[in-house]
Amino acid sequence: MTYENIIVAKHGKVALITLNRPKALNALSPDLTRELGEALDVLEIDPTVAAVVLTGSEKAFAAGADIKVMKDWSYMDVYSANFITATWERIAKFRKPTIAAVAGYALGGGCELAMMCDFIIAADNAKFGQPEITIGTIPGAGGTQRLTRLIGKSKAMEMVLTGRMMDAVEAERAGLVTRIVPADQLISDALKTAEKIASMSMPIAMMAKDAVNRAYEVSLSEGIHFERRLFHSTFATEDQKEGMNAFSEKRPPVFKDK
Ligand SMILES: CC(C)(O)CC(=O)SCCNC(=O)CCNC(=O)[C@H](O)C(C)(C)COP(=O)(O)OP(=O)(O)OC[C@H]1O[C@@H](n2cnc3c(N)ncnc32)[C@H](O)[C@@H]1OP(=O)(O)O
């Protein structure tokens with residue numbers, strides 16, 4: 001499928017989605033987020049895709065929701081359309097592993113979109129922020145919740161109340177990003193990481209993702225119960241047999257995603 005605001009390319013079992021509105025710093029217009037949702041719908045059921053990398057340009061991952069489009073919307077416009085979570089949450093609900101490869105600005109909805117991915121790899125020029133307060137609103141796509149869980153209340157509160165941006169080094173120290181790489185190596189590093197994940201058994205990787213994500217939703221005992229049930233389920237797969245037999249036979253496993 002072709003899209004106007006995003007580019008989807010396959011690299012083996014990894015799909016690379018590039019946000020492609022460079023002149024507007026990848027401002028997240030309704031058309032862009034609709035296309036992103038449509039692409040994810042296709043990729044989720046594509047058995048040849050095992051992981052997704054989401055990226056933007058070297059200057060901006062995404063500078064947030066499109067302010068020029070939304071500035072005159074009324075309460076009823078945003079309420080009726082359930083702006084903004086409805087379409088954007090699609091990536092948070094995506095069942096296969098996702099990596100945000102962030103260079104440049106990840107602001108407002110851009111930061112929120114990156115946080116909806118499973119983890120973030122940052123270029124050394126990355127800048128994260130929730131500047132909504134500077135334009136008279138607040139984060140509306142999970143920023144107050146996900147940022148707080150990832151970096152703690154003090155830092156999240158300061159960023160949300162002042163609109164201050166965090167550079168890559170601070171973001172890594174705070175736990176927002178998994179690691180920093182030179183900007184010119186961002187895509188290759190993210191693809192390599194995604195390919196590593198894609199070399200595992202896809203259903204097992206999906207279960208692992210599901211289990212980690214559950215930690216954000218339930219109590220420790222419920223989470224451990226959920227994890228144990230999924231762990232038990234892995235023994236119903238051919239890939240668990242293959243993985244453990246391959247270990248015993250001192251050979252690399254050949255997973256069949258079954
Ligand atoms: C999702 C919610 C609900 O949480 C809400 C949001 O996301 S609200 C949006 C939050 N984001 C922001 O407030 C960031 C807005 N952008 C900026 O502050 C600056 O553009 C910058 C600091 C990221 C970069 O500054 P600079 O290098 O000086 O470039 P600009 O000339 O400002 O921008 C270039 C070009 O892009 C357009 N642009 C940038 N961001 C947006 C945006 N969020 N919406 C729409 N358009 C955006 C900017 O207007 C420029 O275009 P032209 O005016 O030159 O055509």
Side-chain angles (χ1 to χ4, degrees), residues 3-7 17-37 40 54-94 98 100-117 120 122-151 153 155-171 176-177 183 186:
Y3 304 94
E4 275 181 33
N5 299 284
I6 62 172
I7 300 166
I17 304 180
T18 306
L19 305 180
N20 192 32
R21 287 189 76 205
K23 283 189 189 145
L25 303 186
N26 291 326
L28 301 162
S29 64
D31 282 344
L32 186 154
T33 53
R34 179 184 44 75
E35 288 180 8
L36 181 58
L40 290 168
L54 179 65
T55 196
S57 69
E58 195 164 331
K59 178 158 186 197
F61 175 75
D66 193 319
I67 300 166
K68 292 170 190 168
V69 169
M70 71 179 166
K71 67 186 176 57
D72 296 322
W73 284 351
S74 68
Y75 169 76
M76 281 318 297
D77 290 334
V78 291
Y79 181 76
S80 314
N82 203 8
F83 185 80
I84 199 157
T85 49
T87 45
W88 294 28
E89 283 286 329
R90 179 67 188 89
I91 194 150
K93 305 252 182 289
F94 193 71
T98 53
V102 174
Y105 296 110
L107 301 179
C111 186
E112 292 170 309
L113 192 62
M115 291 189 292
M116 287 179 203
C117 295
I120 302 172
D124 48 15
N125 72 340
K127 285 194 168 62
F128 299 86
Q130 297 292 160
E132 287 88 343
I133 198 158
T134 67
I135 55 166
T137 187
I138 70 167
T144 61
Q145 306 304 301
R146 290 196 176 92
L147 190 66
T148 306
R149 282 168 168 76
L150 285 167
I151 69 173
K153 180 183 165 187
K155 264 190 187 292
M157 194 66 97
E158 191 218 352
M159 287 179 72
V160 168
L161 290 179
T162 66
R164 180 176 78 81
M165 289 185 215
M166 205 182 239
D167 66 17
V169 171
E170 186 180 0
L176 178 58
V177 311
L186 177 68

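For ligands, and for the atoms within them, numbers begin at 1 and follow the listed sequence. Atoms considered below: every heavy atom in the structure, side chains included; atoms not considered: hydrogens, waters and symmetry mates. Sequential numbering from 1 along the given sequence is applied to the chain's residues.
The backbone N or O of Asn5 sits nowhere less than 3.5 Å from a side-chain atom of Asp31 that would complete a donor-acceptor pair. Remark: the backbone N or O of Tyr3 is not paired with any side-chain donor or acceptor of Glu35 at under 3.5 angstrom. The backbone N or O of Ser29 sits less than 3.5 Å from a side-chain atom of Thr33, completing a donor-acceptor pair.
The shortest non-hydrogen separation linking Ala92 to Arg146 is CB-NH2, 3.5 Å. Across all non-hydrogen atoms, the minimal contact from Met116 to Trp88 is SD-O, 3.2 Å. Here the closest heavy-atom approach between residue Ala106 and residue Cys111 is recorded as O-CB, 3.2 Å.
Listed by chain and residue number, the protein contacts of ligand 1 are Lys23, Ala24, Leu25, Ala27, Lys59, Ala63, Gly64, Ala65, Asp66, Ile67, Lys68, Met70, Ile84, Trp88, Tyr105, Leu107, Gly108, Gly109, Glu112, Pro131, Glu132, Ile135, Pro139, Gly140 (heavy atom within 4.0 angstrom).
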